[in-house]
Chemist: 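I'd like to ask you about the structure that follows.
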Amino acid sequence: TKGLNPPRREGWARNATNTISGAKYKRQGLDSLLLTQELNAAQMQDSMVRVPGGGLLVNGKIPTMQLRHCPHREQGGACGQCGEGLEYMDRKGERFILTATRFGMDDAHREDCVWQLYNSRAQDLMRMPDKLRGLAASEWRLQFVDEGEALVKERIEAYRSLRYGCGPQALEDSTSG
């Protein structure tokens with residue numbers, strides 16, 4: 001739309017792991033960049049000081065892998081009928097949620113999909129509230145994949161409270177990174 005300049009944001013997929021890559025993305029016109037969850041607190045702070053506009057994924061299951069093969073088709077399912085709710089389970093019984101993004105049909109007239117495999121446990125930086133408050137993040141992002149409505153509301157309220165002055169409420173079944 002003419003005259004509108006929406007902010008240009010980028011997510012974890014850019015994998016901004018240092019100030020050099022962060023500065024490059026900013027020069028390319030990004031207003032906000034979600035820093036990779038692979039950085040420690042000191043590296044995050046350094047990146048946010050040198051390249052303002054860095055955000056953090058503070059809560060949520062982290063996408064760990066992209067798949068081009070179709071796990072639904074491997075199980076005998078038909079293309080385009082996969083929906084959601086697929087998961088892999090490891091030898092310890094941990095569930096890894098899969099979601100699909102469809103882009104249309106490929107040359108063999110099958111759905112052309114990319115699947116995301118998410119970590120089995122949510123990252124929850126609420127476990128380190130003092131460090132989290134001390135970081136100069138421009139935004140805190142919460143990512144929900146398969147959580148129920150009640151948990152989503154609880155997490156949003158807990159992080160809102162932490163960001164604007166109240167105490168932490170970490171999830172029991174989560175990791176700090």
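Counting from 1, the numbers follow the sequence of the chain as shown.
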Chemist: For a 4.5 angstrom cut-off between non-hydrogen side-chain atoms, does Asn59 reach Gln123?
Modeler: no

Chemist: Could you tell me the separation between the CD1 atom of Ile156 and the CH2 atom of Trp140, rounded to the nearest 0.5 Å?
Modeler: 14.0 Å

Chemist: What pair of heavy atoms forms the shortest contact from Tyr118 to Gln143, and how long is it?
Modeler: CE2-NE2, 3.5 Å

Chemist: Measuring from atom CG of Asn119 to atom CZ of Arg95, what distance do you get when rounded to the nearest 0.5 angstrom?
Modeler: 12.5 Å

Chemist: Nearest heavy-atom pair of Leu125 and Leu132: which atoms, and what distance?
Modeler: O-CD2, 3.8 Å

Chemist: Any idea which heavy atoms bring Glu147 and Leu151 closest together, and the distance?
Modeler: CG-CD2, 3.7 Å

Chemist: Given the rule in the salt bridge (Lys or Arg N to Asp or Glu O under 4.0 Å) test, do Arg155 and Glu157 qualify, once you have shown the distances and angles that lead to the verdict?
Modeler: CA-CA 5 Å; Arg155 292 288 81 202; Glu157 191 52 42; over 6 Å; no

Chemist: Tell me, with the steps shown, if Lys61 and Asp146 meet salt bridge (Lys or Arg N to Asp or Glu O under 4.0 Å).
Modeler: CA-CA 9 Å; Lys61 291 185 177 171; Asp146 64 337; 2.9 Å; yes

Chemist: What is the distance from atom CZ of Arg121 to atom CZ of Phe96, rounded to the nearest 0.5 Å?
Modeler: 9.5 Å

Chemist: Do Leu98 and Leu67 come close enough that some side-chain heavy atom pair is under 4.5 Å?
Modeler: yes

Chemist: For Lys153, check side-chain hydrogen bond (donor to acceptor under 3.5 Å, both in side chains) against everything at least two apart and list the hits.
Modeler: Glu149

Chemist: I need the Ile62 CD1 to Leu117 CG distance, nearest 0.5 Å.
Modeler: 12.0 Å

Chemist: Of all heavy-atom pairs between Leu135 and Ala41, which one has the smallest distance, and what is that distance?
Modeler: CD2-O, 3.5 Å

Chemist: Considering non-hydrogen atoms only, spot the tightest contact between Leu162 and Pro129 and give its length.
Modeler: CD1-CB, 3.9 Å

Chemist: Could you tell me whether the side chain of Val58 reaches within less than 4.5 Å of the side chain of Met126, counting heavy atoms only?
Modeler: no

Chemist: What distance do Tyr88 atom OH and Met65 atom CE have between them, rounded to the nearest 0.5 Å?
Modeler: 9.0 Å

Chemist: Looking only at heavy atoms, which two atoms of Pro63 and Gln116 are closest? And how far apart?
Modeler: CB-OE1, 3.3 Å

Chemist: So Arg133 and Arg163, do their side chains get closer than 4.5 Å, heavy atoms only?
Modeler: no

Chemist: Does any part of the side chain of Thr99, heavy atoms only, come nearer than 4.5 Å to the side chain of Trp115, both counted from C-beta?
Modeler: no

Chemist: Restricting to side-chain hydrogen bond (donor to acceptor under 3.5 Å, both in side chains), what partner residues turn up for Tyr159, sequence neighbours left out?
Modeler: Asp124

